[in-house]
Asker: 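Mind looking over this structure? Questions follow.
Hydrogens, waters and symmetry mates are skipped; everything else that's a heavy atom, side chains included, is used. Chain letters run A, B, ... following the sequence lines, proteins first, then strands; residues in each count from 1.
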Protein chains: 2
Amino acid sequence: MAEQKPRRSLADSRAVHDQVYDSIRQALITGKIAPGVGVSLRSLAAELGVSPMPVRDAVRRLVAERALAINPANKRLSVPSLSAERLEQLELARQWIEPELAARAAPRADEALVRKLKAIDQDLEEALRVGDVDRYMVANHAFHFAIYERAGAEVLLAMAGGLWLQIGPFMRVVFGRVGTGSLPADRHAEAMDALKTRDAEGARRAIAADLSEGMDKMRAAVEAGAGLTVAPAGQTVITVL
Amino acid sequence: MAEQKPRRSLADSRAVHDQVYDSIRQALITGKIAPGVGVSLRSLAAELGVSPMPVRDAVRRLVAERALAINPANKRLSVPSLSAERLEQLELARQWIEPELAARAAPRADEALVRKLKAIDQDLEEALRVGDVDRYMVANHAFHFAIYERAGAEVLLAMAGGLWLQIGPFMRVVFGRVGTGSLPADRHAEAMDALKTRDAEGARRAIAADLSEGMDKMRAAVEAGAGLTVAPAGQTVITVL
DNA sequence: AGGCTTGCATTGTGATCGCAATTATCGACT
DNA sequence: AGTCGATAATTGCGATCACAATGCAAGCCT
């Protein structure tokens, strides 16, 4: 404790609640917060070293994006569990929106984007070799959204972001169990080739295939009974803000 | 003023921020808040007779759902304007998700649902005759979502709700200009027929056609230059909470 | 000794206060 | 009289306090 309180003088960078939001969001996407575990505003606030207020704001956003769920009786919030129905709908939505974004990004791709993707993909492969699931999750997210952002479709991009936010925790759990050996990375090469040649339909197919492979694994895991409240002694471990 | 403050004793019905959310949401869907006009937390709070705090919470949700926008420089919030790009993406998303929901609802339709739809549709026709745009907006929303809720697809339903929230203000503006004479209601009969016979593809087509007609009007209006900041002396006029 | 109740700690929610920044309004100066 | 600058008001953000409700656990009673 005994954190210095510099009165947060200048309205410098970004609002605190935004930083808190990003922290929790990143923790969810990379699966640092396990599904099913309950979190409290004050505990999160204490962990991040801020007052409960900006945490409240961030949590409101995340609840609105369905990345966090709030028990209507308890009012206590937790990471929602992923039922088979939810997974089916999320897969359907992803299969529609993400290939569409890739197809829209293809004509707008350039050398810099491909280089950036190449770098991310190499980091991803490295993570796979080492077996670093966290790093794989981050890199995979970065790869997909580096493409999607290029589509210049703000509304669709936001929808895709919301979908990732909802399945993120489970991707982590599933991939953490399956092991990093069988994770899909091969389709990324196809996607990069398609982008390089500005082949919209090729990019669409590559992303669709990439999604299918990943979601197949998740569906298998959920059907195997991983749907409910995994992660026993889940320490929250939010990244430091 | 001099509002009584009964200390909000019992944790009775729902939280205040939820009621505030519904008020603003309803105002947006029915177009009571015009796009482009700036609103402030404290003014909204004063109008609703609550403290700025629950309004903040409600606004956070709405911003997360992109029903409200917040100027990154000013930090001042307003109803986002609808650009041609935004409209195109919203239309695409609606055209994908809403027929899908209708198709899923069809096999689960029953007599009670059809009766309910019939009642809503009669109210809608009545509103058309009288020329009550507000009432038409409410009835139209009720009609569509009475169907969509039947699909039992929570994730997709939430996405559809978010989309309506984003175009709501503009539907109101556009339909308010076009007049209620040429509003699409005929497709509703097709939809009800399809639901009555549990014809999934028929329901899908009917909703798709209904959307097309409505969106055509909006696109025409936006291209005609209604995209930016309509409603001059827009009084906010939130429904009473 | 077991089931139930009472007490305390924790939680979410709302209100109020303080602060920095932006906006609006009005006065002064050329 | 028109434009610029300074003061006052408003705004969003964050912190702290207050309160009702819930969760948890120890203690009591039979």
Side-chain angles (χ1 to χ4, degrees), chain A residues 1-24 33 36-64 68-80 229 233 236 241, chain B residues 1-24 36-64 68-80 233 236 241:
Chain A
M1 312 92 217
E3 288 281 342
Q4 83 294 359
K5 283 196 179 183
R7 203 74 198 99
R8 180 167 317 287
S9 51
L10 59 166
D12 44 8
S13 51
R14 266 175 30 264
V16 177
H17 70 86
D18 263 338
Q19 301 182 24
V20 172
Y21 172 81
D22 283 342
S23 294
I24 304 179
I33 305 184
V37 304
V39 289
S40 81
L41 262 53
R42 285 179 167 90
S43 63
L44 279 177
E47 193 164 352
L48 293 171
V50 298
S51 91
M53 186 60 60
V55 179
R56 243 171 86 175
D57 290 343
V59 163
R60 288 258 181 260
R61 278 180 68 182
L62 292 163
V63 170
L68 289 177
I70 169 173
N71 188 326
N74 293 19
K75 271 106 187 306
R76 206 167 238 114
L77 60 92
S78 60
V79 181
T229 63
T236 36
L241 176 95
Chain B
M1 298 92 215
E3 289 280 343
Q4 84 293 2
K5 283 196 179 182
R7 200 71 199 100
R8 172 171 325 290
S9 50
L10 60 164
D12 44 6
S13 50
R14 266 169 37 259
V16 177
H17 69 85
D18 263 338
Q19 302 182 24
V20 172
Y21 171 82
D22 284 342
S23 294
I24 305 179
V37 304
V39 290
S40 80
L41 262 53
R42 284 179 167 90
S43 63
L44 278 177
E47 192 163 355
L48 294 171
V50 298
S51 90
M53 184 61 60
V55 179
R56 246 172 82 175
D57 290 344
V59 163
R60 287 260 181 257
R61 278 179 69 180
L62 291 163
V63 169
L68 289 177
I70 169 174
N71 187 326
N74 293 21
K75 272 106 187 305
R76 206 165 238 114
L77 58 91
S78 61
V79 181
T236 38
L241 178 95

Asker: Give a yes or no on whether a donor-acceptor pair under 3.5 Å exists between the nucleobase atoms of D:dG14, that is its base, and the side chain of B:Arg56.
Answerer: yes
Asker: Once you round it to whole Å, what is the distance between P of D:dC13 and CZ of A:Arg61?
Answerer: 11 Å
Asker: C:dT13, OP1 or OP2 - any side-chain N/O from A:Arg60 closer than 4.0 Å?
Answerer: yes
Asker: To the nearest Å, give me how far apart CG (A:Asn71) and P (D:dT22) are.
Answerer: 11 Å
Asker: Polar-atom pairs under 3.5 Å, protein N or O versus N or O of nucleotides 7-11 of chain C: list them with distances, or write none.
Answerer:
residue: C:dT11; atom: OP1; partner: A:Ser40; partner atom: OG; Å: 3.1

Asker: Which heavy-atom pair separates B:Ala58 from B:His17 by the least distance, and what is that distance?
Answerer: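 Heavy-atom minimum between the residues: CB-O, 3.7 Å.
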Asker: With a 4.5 Å cut-off on side-chain heavy atoms, are A:Val79 and A:Val39 touching?
Answerer: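 Counting from C-beta outward, A:Val39 and A:Val79 never come under 4.5 Å.
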Asker: Rounded to the Å, how far apart are A:Asp57 CG and C:dG14 P?
Answerer: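 One finds 13 Å between P of C:dG14 and CG of A:Asp57, rounded.
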Asker: Taking CZ from A:Arg14 and P from D:dG14, how many angstroms apart are they, rounded to a whole number?
Answerer: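 Taking atom P of D:dG14 as the reference, CZ of A:Arg14 is at 11 Å.
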Asker: Could you walk me through whether A:Arg60 and B:Val59 pass the side chain to side chain contact (heavy atoms under 4.5 Å, CB included) check?
Answerer: CA-CA 9 Å; A:Arg60 288 258 181 260; B:Val59 163; over 6 Å; no
Asker: Not counting sequence neighbours, which residues clear side-chain hydrogen bond (donor to acceptor under 3.5 Å, both in side chains) with A:Ser40? List them please.
Answerer: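 A:Ser40 satisfies side-chain hydrogen bond (donor to acceptor under 3.5 Å, both in side chains) with A:Ser43 once adjacent residues are dropped.
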Asker: Any non-hydrogen side-chain atom of A:Met53 less than 4.5 Å from a side-chain atom of A:Val20?
Answerer: no
Asker: Both A:Met53 and A:Leu77 contact DNA chain C. Taking the nearest nucleotide for each, which residue is further toward the 5' end?
Answerer: A:Leu77
Asker: Do A:Gln19 and A:Val50 have side-chain heavy atoms sitting under 4.5 Å apart?
Answerer: no
